[in-house]
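Lettering follows sequence order; numbering is per chain, from 1.
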Number of protein chains: 2
Amino acid sequence: MATLSKRTATASPDTPEAVAPDSRQMILETAARLFRRDGYAATTLRAIAADCDMKAGSIYYHFASKDVIVAEVLDIGVRRVFDAVKQAVDALPPGTGLADTLRCAIETHLRALLLAHDFTSANIRILGQVPLPVREAHRALRRRYERYWVTLLEGLRQRGEIRAGSDLNRTVFFLFGAMNWATEWYDERKSPLAVVASELADLVAHGLHSHDNTTGQPKPTGLT
Amino acid sequence: MATLSKRTATASPDTPEAVAPDSRQMILETAARLFRRDGYAATTLRAIAADCDMKAGSIYYHFASKDVIVAEVLDIGVRRVFDAVKQAVDALPPGTGLADTLRCAIETHLRALLLAHDFTSANIRILGQVPLPVREAHRALRRRYERYWVTLLEGLRQRGEIRAGSDLNRTVFFLFGAMNWATEWYDERKSPLAVVASELADLVAHGLHSHDNTTGQPKPTGLT
DNA sequence: GTCTATATGCCGATAGAC
DNA sequence: GTCTATCGGCATATAGAC
């Protein structure tokens, strides 16, 4: 990750990560954190600069405008969660079933969204607040991530894991909504993220309905 | 639209609805429409006033501040969808099952959210943008609406319609996310709202998984 | 690369005439 | 109840010194 440009010459290679974030990168990270906390319009360039120990005018050496900053923050947010989910799903054993695949992808998405990166949650938070041109420029990347999920589900359907009769495009929209809305209510202290992910995966895989057969029962401990 | 004020004295009682929106009401409706379209911070009192054929200063005769306006818009948004869903669910025949109950409630919520009222979609759109005190003042009403859905599901569980092992509080959060996110992608021209509602209800009731038994099959037309 | 200083403009809100 | 006029403040963005 990160650009880490410049340092070409001396290139002191100590502490290879979290090292000497150049100003450009620090501005982006600060912007993501403040956008996430305060929203787009309420975050001023003065505030971003202050948190970088700079003055507002200096930002314009690195970025042409506030819109350019927010555009890059949006893109990074999607790219990071996209990469994380792709990597996690690729690492699953071949033939992994619907419920486990969903659980893995959902937990990874939620982890990036709720715990890991300011960029990802800032993205969800401010997506509806940015100027329309910025939003439209960002749409292609976002659409690519959505299509990745659709393709994932299509693969599971071809293996007979998903019933016919549901529009998988819409299913992904529903799923994204359920996941992204968690920014509004999830409380890390109340329940582990793995539990939340697992429950959403169960809901999407099996539904709420009590089954008549014993196949889908989550508790095979014969009680009743 | 336009002024229409003055009718104080004569009070002609014709056209009992859509009649003579007093300025206060017109300001609220205009604000809801602009908040929905442009977001909270980007909507200025000058723009609201202009769409009401007024000047910005005149708004302060009816409202003490912008925050007071947005607070009322938020509350109206939840109250309308709440009333609509409660009324629709109450009208269901006693003993209506899980899938049909969900379909009814979901479709009514989505209809209010996506088609009927600027207030409802403005609520979802700007909820994350308003100043914290406004948001906290609004939280109680919103929480009441969420608890209504939880109670609805608890009733269905007691009747044996819902499997054990899922936290219904979280289920409602998931469901709200799936529904409210539709403001970001739903296109009236592409698919009827009833289809979207039906598909979400099916997803939540039965899940994606292909069943081994024939009970839950949506297509009993024996083909394969 | 960062600074100071400032141009330019719009915002929410208020005062007082009508 | 609506107007005009304006206050005080803060925003983005720019110009030029260091």
request  = Answer with yes or no after comparing the ring centroid distance for A:Trp149 and A:Phe176 against a 6.0 Å cut-off, counting only values under it.
outcome  =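 A:Trp149 vs A:Phe176: aromatic centres under 6.0 Å.
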request  = Scan for ring pair (Phe, Tyr, Trp, His ring centres under 6.0 Å) pairs involving residues 62-85 of chain A, sequence neighbours excluded, and state none if there are none.
outcome  = A:Phe82-A:Tyr145, A:Phe82-A:Tyr148
inquiry  = Please check if the number of heavy atoms outside B:Arg143 that lie under 6.0 Å from its CZ is greater than 12.
reply    =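 More than 12 within 6.0 Å, yes.
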task = Tell me, please, which residues at least two apart from B:Phe35 pass ring pair (Phe, Tyr, Trp, His ring centres under 6.0 Å).
result =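 For B:Phe35 the ring pair (Phe, Tyr, Trp, His ring centres under 6.0 Å) partners, ignoring immediate neighbours, are B:Tyr40.
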DNA chain C-proximal residues of residues 34-43 of chain A, any heavy atom under 4.0 Å = none
N/O (side chain, A:Ser23) to phosphate O (OP1/OP2, C:dT2) under 4.0 Å = yes
Short side-chain N/O contact to C:dG12 OP1/OP2 from B:Ser65, under 4.0 Å = no
ask   = Is any side-chain heavy atom of A:Glu107 less than 4.5 Å from a side-chain heavy atom of A:Leu200?
value = no
key: Side chain to side chain, A:Arg79 and A:Asp83, heavy atoms closer than 4.5 Å   = yes
task = Name every residue in residues 48-63 of chain A that has at least one heavy atom under 4.0 Å from any atom of DNA chain D, in order of residue number, or write none if there are no such residues.
result =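 Result for residues 48-63 of chain A: A:Gly57, A:Tyr60, sorted by number.
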request  = Calculate the interatomic distance between B:Leu45 atom CG and D:dT2 atom P; express it in whole Å.
outcome  =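 Between P of D:dT2 and CG of B:Leu45: 15 Å.
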task = Only counting residues at least two apart or in another chain, list the ones meeting salt bridge (Lys or Arg N to Asp or Glu O under 4.0 Å) with B:Asp100.
result = B:Arg103
request  = Could you list all the side-chain hydrogen bond (donor to acceptor under 3.5 Å, both in side chains) pairs where at least one residue sits in residues 171-182 of chain B, not counting sequence neighbours?
outcome  =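 Residue pairs passing side-chain hydrogen bond (donor to acceptor under 3.5 Å, both in side chains), neighbours aside: B:His109-B:Asn180.
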